[in-house]
There are 2 protein chains.
Amino acid sequence: MSDEPRAGSTPAHVDGDAAIIRGEEPPSARVPLSRERVVDAAVVFIDEHGLPGLSMRRLGAILGVEAMSLYRYVPGREQLLDAVVERIVDEMAADPDVIDRPEHGWQDFLQRLAHGIRRVALRHPNAFPLVASRPAEAPWLRPPLRSLRWVEAFLVGLGDEGFGDDAVAEAYRAFTSFLLGHLLLEVASLGADLGPLDVVEEDVDSSLAPYPAVRRLKPALRQDHSAMEFEESLENLLQRMALIKDER
Amino acid sequence: MSDEPRAGSTPAHVDGDAAIIRGEEPPSARVPLSRERVVDAAVVFIDEHGLPGLSMRRLGAILGVEAMSLYRYVPGREQLLDAVVERIVDEMAADPDVIDRPEHGWQDFLQRLAHGIRRVALRHPNAFPLVASRPAEAPWLRPPLRSLRWVEAFLVGLGDEGFGDDAVAEAYRAFTSFLLGHLLLEVASLGADLGPLDVVEEDVDSSLAPYPAVRRLKPALRQDHSAMEFEESLENLLQRMALIKDER
DNA sequence: CGACAAGGCTTACGTCGTAAGGCTGTCGAG
DNA sequence: CTCGACAGCCTTACGACGTAAGCCTTGTCG
């Protein structure tokens, strides 16, 4: 995302939109493809069909192009997935409720950040596990924040609000662990609901015979209190952070 | 693990060990292979070389066998990975510090369970993400517990200790979220340490120029306080659970 | 001794990521 | 107006993958 627009050695772009307005409609609506379009298509595909189905060939087909053409914009599949993660995480930048630094205290700041990521996760249930499982580039870029931008915002934000260096670091670790656990499980249960409906309720019930407690509590365990529990756990976390802040 | 040893329609086993003691040493030490050996080899391979390198062909080669022979013991690659997860999680059964039900209160019980899983995770840093990311078979089998056995133990244990049904369910969700977040990040940071050493420190430092806070706090962020933070967060979680218990 | 079955091997198909190089349409320089 | 450069896409090709189908070997027991 840093060196894409600056490769502007060819200032004369084909203005497809203008051409269309002029009623020219070039054959097969030739918008020249770009790294952005490729990554976008990958995100859309994953959202709709899940990770495992995504191949360079299929992605090319979707874009009306052979697989090898994608390699002009992306070094390979792995890097494409990295780009997908980056794009998804950076969606938060467009979220008006997420702010770059504290305006009404650090607790409000972190609340907004946490809910911002949660919205991202819920918007991309199929892609979010990528954010969690892709190896981080550096030990301080912990999922699900993962981008220097947000990590920097976090550190500066809490620093400005009176957290010492060690307190900021510890708060950062606690914050990320909390988010990762909650959100991963939330999107997982989301996928499970829409997932395999092939097993009839009867089968489950009978195979659960040796586990009476699971069987009995099944309705309670299936219930979705994610939103509430997220809220409460976050609240608790923020209280603990207040202690961290004052202790160090 | 349930139907393996019961397929004992052929009571006359080739006793490879006895043969070896007799100095016979059958050609290429033919131990007949088995689902257990296959799964074990997969676990060992993942521990040593990581998931992405594991293919049916390579696994076969390790066992001195063609890839297709594995299909006699495992339906396919996906199911093999499921079996790997199951085996890893069930390692806890052999952990003497983990107990099946509370003996000195539910807090002690959960402490043991939590540390048991943590030990498993740290023993298999490369395989643990599988435990987390593999789609669960049912909404109540949340990672990283994942097996009916442990879920049942959890539910019964807390039920016996005076938790109501809803309280048990909520406690279960909180417990799993906590474990997942903490352990995933802990094994990830473990992998990152032994991981890519190809980037020199200089490069990182210079590329961090626009992010002064990250740069300044890098030493603090790299420090590993996992054990302590696990302990403290767990302690806090147990306190919250006590509230859950009394509230409902 | 002959039949059988378990366990491993061979072959084959379709899909994958991607290296190497070929074609074509567009555009600035002469 | 022509021509060469070059960006953008395509073709071909290779090796690895998961796995379906069927063959061959070897040890067991009637």
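None of the values given here were measured: they were computed from a predicted structure.
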(message) Has B:E152 got a side-chain atom pairing as donor or acceptor with A:A213's backbone, closer than 3.5 angstrom?
(response) yes

(request) Quickly work out the B:L33 CG to D:dG27 C1' distance and round it to whole Å. (result) 17 Å

(request) Pick out which of B:I88, B:L141, B:V131 makes a side-chain contact (heavy atoms from CB on, under 4.5 Å) with B:R146. (result) B:V131

(message) With a 4.5 Å cut-off on side-chain heavy atoms, are A:F230 and A:F178 touching?
(response) yes

(message) Let me test you: for the helix from C:dC1-D:dG30 to C:dG30-D:dC1, what is the angle between the axes at its two ends (five pairs each), rounded to 10 degrees?
(response) 20°

(message) Please confirm whether the shortest side-chain N or O distance from A:Y73 to OP1 or OP2 of D:dC9 is below 4.0 Å.
(response) yes

(message) A side-chain contact here means heavy atoms from C-beta on lying under 4.5 Å apart; do B:L217 and A:Y172 qualify?
(response) no

(request) Give the rounded distance in Å between these two atoms: OH of A:Y71 and C1' of C:dA19. (result) 10 Å

(request) Please work out which residues in residues 43-69 of chain B have a non-hydrogen atom less than 4.0 Å from an atom of DNA chain C and list them by number. (result) B:R57, B:V65, B:E66, B:M68, B:S69

(request) Quickly work out the A:Q79 CD to C:dG17 P distance and round it to whole Å. (result) 13 Å

(message) Using whole Å, what does the distance between atom P of nucleotide D:dC9 and atom CG of A:L70 come to?
(response) 10 Å

Taking distance alone, no hydrogens or angles, what donor-acceptor pairs closer than 3.5 Å link side-chain atoms of residues 44-53 of chain A to residues at least two apart or in another chain?
from: A:D47; atom 1: OD1; to: A:H124; atom 2: ND1; distance (Å): 3.0
from: A:D47; atom 1: OD2; to: A:H124; atom 2: ND1; distance (Å): 2.7

(message) With salt bridge (charged side-chain N to carboxylate O under 4.0 Å, His left out) as the rule and sequence neighbours excluded, what pairs involving residues 73-82 of chain B come up?
(response) B:E78-B:R134, B:D82-B:R134

(message) Under 4.0 Å, counting only non-hydrogen atoms across every strand here, what does A:R77 touch: a base, just sugar-phosphate, or nothing?
(response) sugar-phosphate

(message) Without decimals, in angstroms, what is the distance between B:R72 CZ and D:dT19 C1'?
(response) 14 Å

(message) Run the ring-ring contact (aromatic ring centres under 6.0 Å, His included) test against B:Y71 and tell me which residues pass, sequence neighbours left out.
(response) none

(request) Sequence neighbours left out, what passes side chain to side chain contact (heavy atoms under 4.5 Å, CB included) with A:P139? Give chain and number order. (result) B:R222

